Amino acid sequence: MTKLTIKSVEEKARRILQDTVEEYRWSSEEMRDALQEGIYALNAIRPETRYINGVLCDGVNLPESDTAEISIKSRYEEALVHYVVYKCYLTDSTDTANAQLAEMHFGKFNMKAQM
């Protein structure tokens, strides 16, 4: 089983966004902020994701290191990747195609979060 890390989510999101050149369209900080938002959204949809080592927390915060494991089961990684992609496309929502892509990825986030 792979570790759920900030880096793993960012890499998968960049592949979907086709943002793989050296001069990234979306910064790592933007993606990190989107991931944190996605975790809070996931915590609201799936309250059991707020448990860390059997202790109920207000919400799961990201670790400092991009390679440290996030305290959420890796089965939610795909949902979180879609949330990050949703937030990235949302920044370009004045472009009709990107607005539609944003909504599609938000729907995928919700679907994967419910599983």
Side-chain angles (χ1 to χ4, degrees):
M1 182 162 287
T2 60
K3 286 186 353 181
L4 174 58
T5 66
I6 297 166
K7 184 176 180 175
S8 69
V9 171
E10 181 179 340
E11 287 172 350
K12 289 174 182 170
R14 286 196 190 284
R15 267 186 251 129
I16 292 170
L17 292 162
Q18 298 178 353
D19 189 23
T20 55
V21 294
E22 287 183 28
E23 302 244 347
Y24 292 131
R25 165 66 182 88
W26 294 278
S27 71
S28 291
E29 292 79 26
E30 288 174 299
M31 289 194 162
R32 183 185 181 94
D33 290 345
L35 176 56
Q36 183 64 72
E37 243 182 78
I39 288 172
Y40 290 148
L42 180 64
N43 290 162
I45 294 169
R46 301 298 301 237
E48 69 272 16
T49 62
R50 293 176 37 215
Y51 282 90
I52 300 175
N53 298 323
V55 177
L56 180 63
C57 301
D58 288 337
V60 175
N61 292 312
L62 292 174
E64 291 295 318
S65 169
D66 288 352
T67 57
E69 193 165 4
I70 300 170
S71 298
I72 289 185
K73 292 181 180 173
S74 59
R75 72 182 188 152
Y76 294 111
E77 182 175 32
E78 194 174 351
L80 293 170
V81 167
H82 284 295
Y83 193 90
V84 171
V85 172
Y86 153 70
K87 290 299 285 188
C88 289
Y89 278 134
L90 200 59
T91 61
D92 294 334
S93 62
T94 55
D95 177 325
T96 304
N98 283 354
Q100 291 172 338
L101 287 168
E103 288 306 310
M104 180 187 75
H105 284 283
F106 186 66
K108 287 184 176 185
F109 162 75
N110 280 310
M111 182 184 71
K112 297 290 182 181
Q114 297 295 335
M115 296 176 95

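Throughout, residue positions are numbered sequentially from 1 according to the sequence presented. All figures in this text were calculated on a predicted structure; none of them were measured in a lab.
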task = For the residue pair Asn43 and Ile72, establish whether any side-chain heavy-atom pair is separated by less than 4.5 Å.
result = yes
task = Any chance you could measure Ile70, atom CD1, to Ile52, atom CD1, to the nearest 0.5 Å?
result = 11.0 Å
key: CG on Leu42 to NZ on Lys73, rounded to 0.5 Å   = 11.5 Å
message = Per the salt bridge (charged side-chain N to carboxylate O under 4.0 Å, His left out) rule, what does the pair list look like for residues 41-50, sequence neighbours excluded?
response = Arg46-Glu48
inquiry  = Within the structure provided, determine whether Lys12 and Val84 are in side-chain contact (heavy-atom separation under 4.5 Å).
reply    = no
remark   = In terms of heavy-atom contacts, Ala113 and Ala79 come closest through N-CB, 3.8 Å
query = Any sub-3.5 Å donor-acceptor pair from Arg32's side-chain atoms to Glu10's backbone N or O?
reply = no
ask   = Val81, Val60: one ILVMFWY side-chain cluster at the under-4.5 Å cut-off?
value = yes
Short side-chain to backbone donor-acceptor contact, Glu103 and Asn98, under 3.5 Å = no
request  = Please check if the side chain of Glu30 supplies one atom and the backbone of Ser27 the other of a donor-acceptor pair under 3.5 Å.
outcome  = yes
Value rounded to 0.5 Å, distance of NZ in Lys3 from OG1 in Thr67 = 6.0 Å
key: Close side-chain approach of His105 to Leu17, heavy-atom, < 4.5 Å   = no
Set of ring-ring contact (aromatic ring centres under 6.0 Å, His included) partners for Phe106, sequence neighbours left out = Tyr86
task = Locate the shortest heavy-atom distance separating Phe109 from Ile45; write the atom from each residue and the value.
result = CE2-CD1, 3.7 Å
ask   = Same cluster or not: are Leu4 and Leu35 linked, directly or through other Ile, Leu, Val, Met, Phe, Trp or Tyr residues, by side-chain heavy atoms under 4.5 angstrom apart?
value = yes
inquiry  = When you compare the side chain of Lys7 with that of Ser28, does any pair of heavy atoms fall below 4.5 Å?
reply    = no
Side chain to side chain, Gln100 and Met104, heavy atoms closer than 4.5 Å = no
task = Please round to the nearest 0.5 Å and tell me the distance separating atom OG1 of Thr49 and atom CZ of Arg75.
result = 9.5 Å
inquiry  = Can you tell me how far apart NZ (Lys87) and CD (Glu37) are? Round to the nearest 0.5 Å.
reply    = 3.5 Å
query = How many angstroms lie between atom CH2 of Trp26 and atom CG of Asp33, to the nearest 0.5 angstrom?
reply = 15.5 Å
inquiry  = Tell me whether Gln114 at atom CD has more than 12 heavy atoms from other residues, nucleotides or ligands lying less than 6.0 Å away.
reply    = yes
task = Work out which heavy atom in Ala13 is nearest to a heavy atom in Met31; give both atom names and the distance.
result = CB-CE, 4.3 Å
inquiry  = Using a 6.0 Å cut-off, check whether atom OH of Tyr51 has over 12 heavy atoms from anything other than its own residue.
reply    = no
ask   = Side-chain contact, heavy-atom cut-off 4.5 Å: Asn61 with Gln36?
value = yes
query = So if you build clusters from Ile, Leu, Val, Met, Phe, Trp, Tyr with side-chain heavy-atom gaps below 4.5 Å, do Ile16 and Leu80 land together?
reply = yes
